[in-house]
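Read the structure below first, then the notes.
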Amino acid sequence: MDFDIIVVGAGLAGLVATAEMADAGKKVLLLDQEPEASMGGQAFWSFGGLFLVDSPEQRRMGIKDSKELAWQDWLGTAGFDREENEDYWGRKWAEAYIDFAAGEKRAWLKEMGVRFFPVVGWAERGGYLADGHGNSVPRFHIVWGTGPGIVAPFEQRVREHIKNGLVKFLPRHRVDQLITTNGAVVGVSGSVLVPSTAARGEDSSREVVGSFEYRSQAVLVTSGGIGGNLELVRKNWPSRLGEPPKEMVTGVPAHVDGRMLAITEEAGGRIVNRDRMWHYTEGLKNWNPIWSNHGIRILPGPSSIWLDATGKRFQAPNFPGFDTLGTLDAIKKTGYDYSWFILTHKIIEKEFALSGSEQNPDLTGKSIRKVIGRALQRVPAPVKAFMEKGEDFIVADHLAELVSGMNKLTGENLLNLEHIKEQIEARDREIDNTFTKDLQITAMRGARNYLGDKLIRVASPHKILDPKNGPLIAVRLNILSRKTLGGLQTDLSGKVLNSSGHPIPGLYAAGEVSGFGGGGIHGYRSLEGTFLGGCLFTGRVAGRTIAAEL
């Protein structure tokens with residue numbers, strides 16, 4: 001037996017676990033079906049947001065946070081309702097993760113050189129009661145360097161161990177089976193794929209040119225979720241969100257295909273919470289795609305008017321950035337797979353950011369000069385490129401021209417100019433006072449009480465139809481696939497459980513394939529910043545557990 005552990009998947013969770021195990025002197029075989037260029041997986045493409053509690057960055061921004069408040073928010077968001085069964089371990093992982101996020105997480109990352117942008121973002125604001133869904137305070141800490149900045153220290157540690165012989169990395173090795181003996185997992189077998197020059201994230205060939213089989217004392221599955229496999233997304237689509245979308249864009253590369261979930265299930269692993277998933281409602285068709293059907297998510301501030309496909313304004317709290325799955329539910333109830341933002345040039349200047357490392361070259365490149373330039377320029381360059389080249393954007397000086405362009409874009413002629421005008425005029429009348437019955441305007445004003453939002457994130461409330469705030473902008477919003485919230489059920493050490501709730505000897509899981517811990521650490525909804533953090537936490541726990549137990 002040449003290896004102590006086999007790790008299936010070289011994404012963030014796999015890199016973290018591999019680094020931890022090799023640091024402990026264990027010999028690790030790291031396998032991935034993609035070319036070496038894609039090491040780090042989809043984490044590389046992320047905006048790099050991490051959930052931290054009571055951090056120095058929060059305190060400097062005047063934010064008062066606590067572990068108790070974070071746990072209140074987590075429970076109100078997760079909505080655990082299968083606690084005697086499918087949610088049992090997910091809730092335990094959630095408690096452990098809150099301790100980690102409020103404890104050593106930041107110091108651990110800082111020791112490896114990870115730094116954070118000083119302004120903390122406020123994602124998933126909720127809009128319900130105090131014990132309901134959403135973050136009570138800003139907790140979205142952007143890594144200086146975005147996704148590549150969080151992948152880099154772990155990739156560096158793994159590459160050092162490749163040089164010293166403790167890690168062997170075999171890209172283009174696709175695992176097709178977990179080998180079991182007397183109920184224990186003792187290795188893997190699979191297919192060697194044809195060498196590929198595909199760049200990071202690009203679709204790569206699935207042509208088979210050979211086979212392999214390797215044995216070890218333990219196997220750790222860190223292969224990600226199902227977001228790149230729209231067929232599987234639709235198959236598992238929850239009935240509570242209506243019919244699965246006929247049209248959606250893909251927010252992750254094609255290799256996020258969910259194959260290892262079924263393969264691990266065949267070896268006895270239990271999958272729970274299949275119906276829980278996390279997809280975004282503000283997707284754009286990428287004008288410059290990297291992978292097939294490539295979608296980009298808008299990270300919106302709270303001011304844009306949100307209309308359904310027929311031109312009807314969504315009700316509270318379905319405002320931009322408040323409740324992702326609540327708004328997805330509202331969209332699906334309309335019978336259409338898209339919706340609209342209407343906004344002004346003043347709003348897009350301050351409130352539009354795009355998710356993804358490649359869409360934020362200033363933060364990704366760690367350029368202070370470019371970050372300052374972003375604050376000074378009218379519209380960020382990546383956003384401006386979508387305005388000029390993206391098929392989902394319409395810009396016009398007058399509402400009639402804008403609505404005409406919206407109807408022309410879809411070809412469905414669903415939008416009535418007078419109806420839309422009446423709704424926007426009604427909203428604009430509420431701007432005259434600093435108090436209002438329109439809860440979106442109340443939320444906008446409330447957001448600006450937070451210094452970070454006032455400085456760089458939320459436009460000063462103004463009238464949409466006042467020409468001095470124009471031109472007007474409409475954006476067609478597509479549903480965008482992203483994360484899997486359910487997965488392989490694991491105990492608090494990362495051991496995969498069988499249908500009877502007992503650990504399968506030799507088998508572990510971490511990252512998205514495990515529902516980021518326990519088969520569903522998030523429950524039904526996420527507080528954001530918890531996906532990358534879940535990969536870090538579960539990868540670290542599994543890696544340290546395996547190293548200790550071997």
Side-chain angles (χ1 to χ4, degrees), residues 125 127 281-282 284 298 300-323 326-327 330-331 333-336 338-352 378-379 383 386-387 392-449 453-454 457-478:
R125 300 173 189 230
T281 52
E282 315 98 333
L284 303 174
I298 298 170
S303 302
S304 298
I305 290 180
W306 205 336
L307 305 176
D308 69 18
T310 68
K312 183 179 179 182
R313 191 177 172 195
F314 285 113
Q315 296 295 307
N318 295 316
F319 310 138
F322 278 69
D323 180 1
T327 309
I331 290 170
K333 282 183 168 63
T334 69
Y336 296 90
Y338 67 93
S339 58
W340 295 97
F341 277 168
I342 290 182
L343 59 150
T344 64
H345 204 272
K346 278 190 175 180
I347 292 173
I348 205 169
E349 286 173 0
K350 201 161 188 175
E351 296 198 9
F352 264 41
R378 297 197 68 188
V379 178
V383 175
F386 268 88
M387 287 177 64
D392 296 307
F393 277 79
I394 299 158
V395 182
D397 289 323
H398 304 287
L399 186 62
E401 180 187 356
L402 189 79
V403 173
S404 175
M406 294 162 73
N407 277 324
K408 184 177 180 181
L409 177 61
T410 64
E412 296 186 281
N413 204 34
L414 296 173
L415 304 174
N416 180 276
L417 171 62
E418 289 306 314
H419 183 219
I420 292 175
K421 183 180 179 183
E422 287 172 3
Q423 293 175 93
I424 298 177
E425 285 178 339
R427 177 262 186 207
D428 281 358
R429 292 186 190 103
E430 301 289 320
I431 294 293
D432 290 332
N433 296 290
T434 57
F435 44 89
T436 174
K437 70 178 183 181
D438 189 308
L439 291 181
Q440 183 175 8
I441 297 173
T442 297
M444 291 155 45
R445 297 193 190 279
R448 286 173 59 84
N449 287 326
D453 275 352
K454 186 173 184 178
R457 196 69 178 113
V458 181
S460 178
H462 58 269
K463 296 187 176 184
I464 299 290
L465 295 182
D466 188 335
K468 70 182 181 184
N469 299 320
L472 294 168
I473 300 164
V475 187
R476 180 178 60 184
L477 306 173
N478 306 276

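Computed over heavy atoms, backbone and side chain alike; hydrogens, waters and symmetry mates excluded. All values reported here derive from a predicted model rather than from experimental measurement.
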Side chain to side chain contact (heavy atoms under 4.5 Å, CB included) with Lys463: which residues, sequence neighbours excluded?
-> Asp428, Ile431, Asp432, Asp466
Using side-chain heavy atoms (C-beta onward) and a distance below 4.5 Å, is [X] in contact with [Y]?
{"X": "Ile347", "Y": "Phe341", "answer": "no"}
{"X": "Trp340", "Y": "Thr410", "answer": "yes"}
{"X": "Phe352", "Y": "Val475", "answer": "yes"}
{"X": "Val458", "Y": "Pro302", "answer": "yes"}
{"X": "Pro317", "Y": "Leu439", "answer": "no"}

Residues that [X] engages under side chain to side chain donor-acceptor pair (under 3.5 Å), provided they are two or more places apart:
{"X": "Asp453", "answer": "Arg125"}
{"X": "Arg448", "answer": "none"}
{"X": "Thr310", "answer": "Asp308"}

In Å, rounded to the nearest 0.5 Å, how long is the span from [atom1] of [X] to [atom2] of [Y]?
{"X": "Ile298", "Y": "Ser304", "atom1": "CD1", "atom2": "OG", "answer": "8.0 Å"}
{"X": "His419", "Y": "Ile424", "atom1": "NE2", "atom2": "CD1", "answer": "10.5 Å"}
{"X": "Thr344", "Y": "Glu349", "atom1": "OG1", "atom2": "CD", "answer": "8.0 Å"}
{"X": "Leu472", "Y": "Ile348", "atom1": "CG", "atom2": "CD1", "answer": "11.5 Å"}
{"X": "Leu307", "Y": "Ile420", "atom1": "CG", "atom2": "CD1", "answer": "5.5 Å"}
{"X": "Glu422", "Y": "Leu417", "atom1": "CD", "atom2": "CG", "answer": "9.5 Å"}

Determine yes or no for a side-chain-to-main-chain donor-acceptor pair under 3.5 angstrom, with Arg457 supplying the side chain and Glu351 the backbone.
-> yes
Is a side-chain donor or acceptor of Asn407 paired with a backbone partner of Leu414 at a separation under 3.5 angstrom?
-> yes
Considering all heavy atoms of both residues, which atom of [X] and which atom of [Y] are nearest to each other, and what is their separation?
{"X": "Arg476", "Y": "Leu284", "value": "O-CD2, 3.9 Å"}
{"X": "Met444", "Y": "Ser303", "value": "CG-OG, 3.7 Å"}
{"X": "Glu282", "Y": "Gly321", "value": "OE2-N, 4.4 Å"}
{"X": "Ile441", "Y": "Arg427", "value": "CD1-O, 3.6 Å"}
{"X": "Ala316", "Y": "Phe319", "value": "CB-CZ, 3.4 Å"}
{"X": "Pro461", "Y": "Arg445", "value": "CG-NH1, 3.8 Å"}

Within 6.0 angstrom of Lys312 NZ, more than 12 heavy atoms from elsewhere | no
Enclosure of Gln315 CD (heavy-atom neighbours >12, cutoff 6.0 Å) = no
Candidate pair Ile305 and Gln423, rule side-chain contact (heavy atoms from CB on, under 4.5 Å), full reasoning = CA-CA 9 Å; Ile305 290 180; Gln423 293 175 93; over 6 Å; no
Please set out all donor-acceptor pairs under 3.5 angstrom arising from side-chain atoms of residues 393-406, sequence neighbours excluded.
none

With side-chain contact (heavy atoms from CB on, under 4.5 Å) as the test, would you mind laying out the steps for Phe314 and Ile331 before giving the verdict?
-> CA-CA 9 Å; Phe314 285 113; Ile331 290 170; 3.6 Å; yes
Output all residues satisfying salt bridge (Lys or Arg N to Asp or Glu O under 4.0 Å) with Lys333, sequence neighbours left out; order by chain, then residue number.
-> Asp329
Begin from the C-alpha positions of Glu412 and Tyr336 and carry the test side-chain contact (heavy atoms from CB on, under 4.5 Å) through to its verdict.
-> CA-CA 11 Å; Glu412 296 186 281; Tyr336 296 90; 3.8 Å; yes
Verdict with supporting geometry, Trp306 and Thr327, side-chain contact (heavy atoms from CB on, under 4.5 Å) = CA-CA 10 Å; Trp306 205 336; Thr327 309; 3.4 Å; yes
